[in-house]
Amino acid sequence: IGKNLPGALRARKQASGGIYQWKNQNPSMVELFEKYPWVEEMVETMGEELLKNAAWGLWFRVITGSGLSMVDLATDINMIRVYFGEEGQEGYGWMMLGMVLASMGLQLVVVMIQNRKAGWGTLLREVLIVVSGLKPGVDAKRVVSNAEMHEHHLLDAKSELMFTKGVEMFCESIPGCILQVYALIQGGSGGQMGTKVFSIVVSAITTGMGSASISYDCDSDPEGRRKLPSFYGYLPDEGNARTIMYVCMVLNSALLLLLRSIGAALLMLADTKIFVAYMAGDHLLYLLQKLVRGDFLYWMPVKGVAGLAVSLLMRVSVKTLTDFTGVIQLRGPGEMGGVMWLWTMVLALVAPWVAVPVYFGSLTSNSTNATAVEIVLNSSTFIGSLTSNSTNSTAVEIADAWELEQSNALGLLGGLTAGWLIAFAVFLSLMKKQFRSTFWSMETGNEWIQSYFVEGGSDDIKKSVLTKNKAKWKAIEPQVKEWVGEGWMRWERDKPEWFNNNWKARVPVDWVPKEGKAGHMFALDK
């Protein structure tokens with residue numbers, strides 16, 4: 001039992017997650033902790049100190065968290081250098097640079113929103129962390145060290161970490177992978193085939209690891225399992241099975257990104273209008289079903305016009321991330337929803353197979369790409385094709401162009417699709433059976449938010465509803481108001497950890513009993 005503990009701690013970012021995994025691997029520990037709850041708190045404290053001070057603890061996770069992002073960034077910078085060094089491909093270099101800057105810019109937006117009420121010193125420090133490229137590592141350190149959520153924060157440390165990873169994938173990893181595949185097919189190897197393929201593979205793997213980490217960390221978090229036991233807990237308690245499932249999630253995301261990137265590149269090469277029409281139509285249908293079900297507004301507590309803008313941005317971002325990476329966590333009702341996630345996976349696997357005949361001229365009379373034709377386009381054609389009806393009209397034949405045959409394309413798609421299906425089948429076979437239904441659940445985000453209060457067995461679970469967008473739980477507002485009124489003075493007396501200024505400030509003034517007005521006004525001032 002003792003020898004199993006270090007392995008469980010190494011596998012998790014937070015001590016509580018490692019102790020939870022270790023406890024459930026050993027029934028005797030479950031019995032001990034139930035009989036003497038203080039022992040579990042003591043062991044968790046020991047675990048936290050070990051993670052901070054052990055060589056494989058805090059700094060290992062910080063280096064890993066920032067290392068993956070830095071490796072991806074390094075390969076992107078190298079490809080920018082390669083594109084600028086090849087005649088006629090400078091446009092690809094400018095676009096890659098734009099994607100890197102867009103990722104950094106959106107991270108700055110998240111930082112400014114997160115620290116909008118903090119002092120200028122704090123805001124400047126956070127901006128410098130983003131600009132230096134250290135944001136993923138700093139976020140990982142904050143999660144590991146259980147950094148406190150301050151009154152001015154909109155997100156806790158774990159949510160901020162996930163948002164940072166999501167921004168990197170949305171702005172940099174996904175479009176960068178598509179662009180590199182597009183350039184490789186269209187512009188030839190230019191004598192650096194190995195470098196270009198290596199960069200694509202690195203982007204896919206790092207994206208896969210980022211995607212898998214989001215899902216793995218969320219599901220193995222004891223707090224998540226306690227608050228939403230119907231959704232969190234699909235990972236088995238046995239360590240080896242968890243490792244295999246993590247590898248499967250990495251493979252699923254990496255292989256899906258490669259599949260979708262190839263399909264997107266082929267469609268754009270055939271006719272950019274087809275790709276734009278497909279993506280726009282798919283996203284519009286997704287947004288429409290959210291509107292019809294009254295589930296368009298996002299769960300973040302942002303009001304008014306800003307709330308609508310944030311909701312649109314997050315819905316489009318989450319849909320795009322799911323399309324290209326299949327993040328398991330995004331099957332949640334507050335994001336895609338189970339059945340929509342599953343339908344998106346079906347379309348994601350089918351779309352590349354449709355793109356191949358479109359590209360080679362079997363399904364469209366406008367295609368000018370024939371099987372085994374060597375083509376090279378000036379990189380400016382990629383930009384021009386976004387607004388022009390011409391498809392590959394400036395193609396020229398050169399000796400070192402990379403030749404793509406239809407049989408090779410189909411064989412590549414076949415291997416990637418088979419790998420994805422096998423990895424997903426292994427994942428489903430190892431997960432706890434009762435959670436498989438979450439992949440075809442019809443639950444809405446509104447119902448998910450309300451379940452915190454309706455199904456929550458304790459105040460520290462029920463209180464979570466007030467940290468979400470009020471429009472999502474408007475239907476149960478009278479019950480929430482009554483609960484706040486009845487419990488406020490008891491919370492003032494007992495001072496539970498969650499009853500802090502941050503939470504108090506979210507409670508409407510007229511909900512607070514007269515005796516508690518002073519404490520509530522102090523929280524609002526803070």
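What you see is a predicted model, and the numbers here were worked out from it, not measured in a lab.
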Participant: May I ask you to test the Glu168-Thr206 pair for a side-chain heavy-atom distance under 4.5 Å?
Facilitator: no
Participant: Are any non-hydrogen side-chain atoms of Ser203 and Ser173 less than 4.5 angstrom apart?
Facilitator: no
Participant: Could you give the distance from CD1 (Ile476) to CD (Glu482), rounded to the nearest 0.5 Å?
Facilitator: 12.5 Å
Participant: Suppose we screen for side-chain contact (heavy atoms from CB on, under 4.5 Å). Which residues come up paired with Phe170, at least two apart in sequence or across chains?
Facilitator: Ser317, Thr320, Leu321
Participant: Taking the cut-offs as 6.0 angstrom to the six-membered ring centre and 45 degrees off its axis, would you call Lys290 and Phe296 a cation-pi pair?
Facilitator: no
Participant: Looking at side-chain heavy atoms only, is the closest gap between Arg493 and Arg490 below 4.5 Å?
Facilitator: yes
Participant: Starting from the C-alpha separation in whole Å, work towards a yes-or-no answer on side-chain contact (heavy atoms from CB on, under 4.5 Å) for Glu172 and Leu73.
Facilitator: CA-CA 9 Å; Glu172 186 179 343; Leu73 179 61; 3.8 Å; yes
Participant: Could you walk me through whether Leu297 and Leu308 pass side-chain contact (heavy atoms from CB on, under 4.5 Å), step by step?
Facilitator: CA-CA 7 Å; Leu297 291 176; Leu308 290 173; 3.7 Å; yes
Participant: Looking only at atom types and distance, does a side-chain atom of Arg331 sit under 3.5 Å from a main-chain N or O of Ile328, one as donor and one as acceptor?
Facilitator: yes
Participant: With a 4.5 Å limit on heavy-atom distance, are the side chains of Phe231 and Gln329 in contact?
Facilitator: yes
Participant: So with a 6.0 Å cut-off around CH2 of Trp94, is the heavy-atom count from everything else above 12?
Facilitator: no
Participant: For the pair Glu486 and Lys481, find out whether any cationic side-chain nitrogen is under 4.0 Å from an anionic carboxylate oxygen.
Facilitator: no
Participant: Taking side chain as C-beta onward, heavy atoms only, is Val327 less than 4.5 Å from Thr322?
Facilitator: no
Participant: Could you go through the side-chain contact (heavy atoms from CB on, under 4.5 Å) check for Trp22 and Val43 one step at a time?
Facilitator: CA-CA 11 Å; Trp22 174 72; Val43 175; 4.1 Å; yes
Participant: Let me see the working for Tyr298 and Glu335 under side chain to side chain donor-acceptor pair (under 3.5 Å), right down to the final yes or no.
Facilitator: CA-CA 8 Å; Tyr298 201 59; Glu335 307 296 347; 2.8 Å; yes
Participant: For Trp343, look at atom CH2 and say whether over 12 heavy atoms of other residues, nucleotides or ligands are found less than 6.0 Å away.
Facilitator: no
Participant: Just to verify, what does Glu41 make a side-chain contact (heavy atoms from CB on, under 4.5 Å) with, not counting sequence neighbours?
Facilitator: none
Participant: Which value, rounded to the nearest 0.5 Å, describes the distance between Gln21 atom CD and Ser220 atom OG?
Facilitator: 7.5 Å
Participant: Can you name the ring-ring contact (aromatic ring centres under 6.0 Å, His included) partners of Tyr246, sequence neighbours left out?
Facilitator: Tyr216
Participant: Please answer whether the main-chain N or O of Trp448 pairs with a side-chain N or O of Ser451 as donor and acceptor at a distance below 3.5 Å.
Facilitator: yes
Participant: List the residues meeting ring-ring contact (aromatic ring centres under 6.0 Å, His included) with Tyr83, not counting sequence neighbours, and say none if there are none.
Facilitator: Tyr92
Participant: Could you check whether Arg226 pairs with Asp460 (Lys NZ or Arg NE/NH1/NH2 to Asp/Glu carboxylate O, under 4.0 Å)?
Facilitator: yes
Participant: Using the ring of Tyr232 (Phe, Tyr or Trp, six-membered ring only), decide whether Arg225 places NZ or CZ under 6.0 Å from its centre and within 45 degrees of its axis.
Facilitator: no
Participant: Just jot down the side-chain contact (heavy atoms from CB on, under 4.5 Å) partners of Thr444, sequence neighbours excluded, or say none.
Facilitator: Arg293, Asp295, Asn446, Glu447
Participant: Could I get the full list of salt bridge (Lys or Arg N to Asp or Glu O under 4.0 Å) partners for Lys468, not counting sequence neighbours?
Facilitator: none
Participant: For Leu257 and Ser261, work out which heavy atoms get closest and say how close.
Facilitator: O-OG, 2.7 Å
Participant: Hey, do the aromatic rings of Trp483 and Trp511 have their centres closer than 6.0 Å?
Facilitator: no
Participant: So, for Val181 and Ala265, which heavy atoms are closest and what is the spacing to 0.1 Å?
Facilitator: CG1-CB, 3.8 Å
Participant: If every non-hydrogen atom of Val318 is compared with every non-hydrogen atom of Leu330, which pair is closest and at what distance?
Facilitator: O-CD1, 3.9 Å
Participant: Can you check whether Met99's main-chain N or O pairs, donor with acceptor, with Ser103's side chain at less than 3.5 Å?
Facilitator: no
Participant: When you measure from the side chain of Ser253 to the backbone N and O of Thr325, does any donor-acceptor pair fall under 3.5 Å?
Facilitator: yes
Participant: How would you list, by chain and number, every residue that makes a ring-ring contact (aromatic ring centres under 6.0 Å, His included) with Phe439, sequence neighbours excluded?
Facilitator: Trp341, Phe424
Participant: Got a sec, which residues hit salt bridge (Lys or Arg N to Asp or Glu O under 4.0 Å) with Glu477, two or more places apart in sequence or on another chain?
Facilitator: Lys470, Lys474
Participant: Taking the side chain as everything from C-beta on, heavy atoms only, tell me whether Leu466 gets closer than 4.5 Å to Val484.
Facilitator: yes
Participant: Could you tell me which non-hydrogen atom of Ile449 sits nearest to which non-hydrogen atom of Lys472, and how far apart they are?
Facilitator: CG1-CB, 3.9 Å
Participant: Judged by atom type as modelled, is there a donor-acceptor pair below 3.5 Å linking the side chain of Thr344 to the main-chain atoms of Met340?
Facilitator: yes
Participant: Test side-chain contact (heavy atoms from CB on, under 4.5 Å) on Glu40 and Thr45 and set out the steps.
Facilitator: CA-CA 9 Å; Glu40 184 170 9; Thr45 302; over 6 Å; no
Participant: Answer yes or no: is there a side-chain heavy-atom contact under 4.5 Å between Met96 and Gln180?
Facilitator: yes
Participant: Counting N and O atoms only, with roles assigned by atom type, does the side chain of Ser211 sit under 3.5 Å from a partner on the main chain of Thr207, one being a donor and the other an acceptor?
Facilitator: no
Participant: Within the structure provided, determine whether Trp503 and Asn500 are in side-chain contact (heavy-atom separation under 4.5 Å).
Facilitator: yes
Participant: Among all residues two or more places apart in sequence or in another chain, which pass the ring-ring contact (aromatic ring centres under 6.0 Å, His included) test with Tyr234?
Facilitator: Phe427
Participant: Applying side-chain contact (heavy atoms from CB on, under 4.5 Å), can you list everything that pairs with Ala254, at least two apart in sequence or on another chain?
Facilitator: Ala204
Participant: Measuring from Gln479:CD to Lys462:NZ, what's the distance to the nearest 0.5 Å?
Facilitator: 10.0 Å
Participant: Report the distance from atom CE of Met112 to atom CG of Leu123, rounding to the nearest 0.5 Å.
Facilitator: 6.0 Å
Participant: Is the side chain of Lys495 donor-acceptor paired with the backbone N or O of Glu492 at a distance under 3.5 Å, no angle test?
Facilitator: yes
Participant: Determine the minimum heavy-atom distance between Arg506 and Pro301, stating which atoms define it.
Facilitator: NH1-CG, 3.6 Å
Participant: Measuring from atom CG of Leu285 to atom CG of Leu347, what distance do you get when rounded to the nearest 0.5 angstrom?
Facilitator: 9.5 Å
Participant: Please, which pairs that meet salt bridge (charged side-chain N to carboxylate O under 4.0 Å, His left out) have at least one residue in residues 279-288, sequence neighbours excluded?
Facilitator: Asp282-Lys319
Participant: Got a donor-acceptor contact below 3.5 angstrom from the Thr467 side chain to the Ser464 backbone?
Facilitator: yes
Participant: Report the residues that fulfil salt bridge (Lys or Arg N to Asp or Glu O under 4.0 Å) with Arg315, sequence neighbours left out, ordered by chain and then residue number.
Facilitator: none
Participant: How long is the straight-line distance from CG of Leu97 back to CE of Met79, given to the nearest 0.5 Å?
Facilitator: 13.5 Å
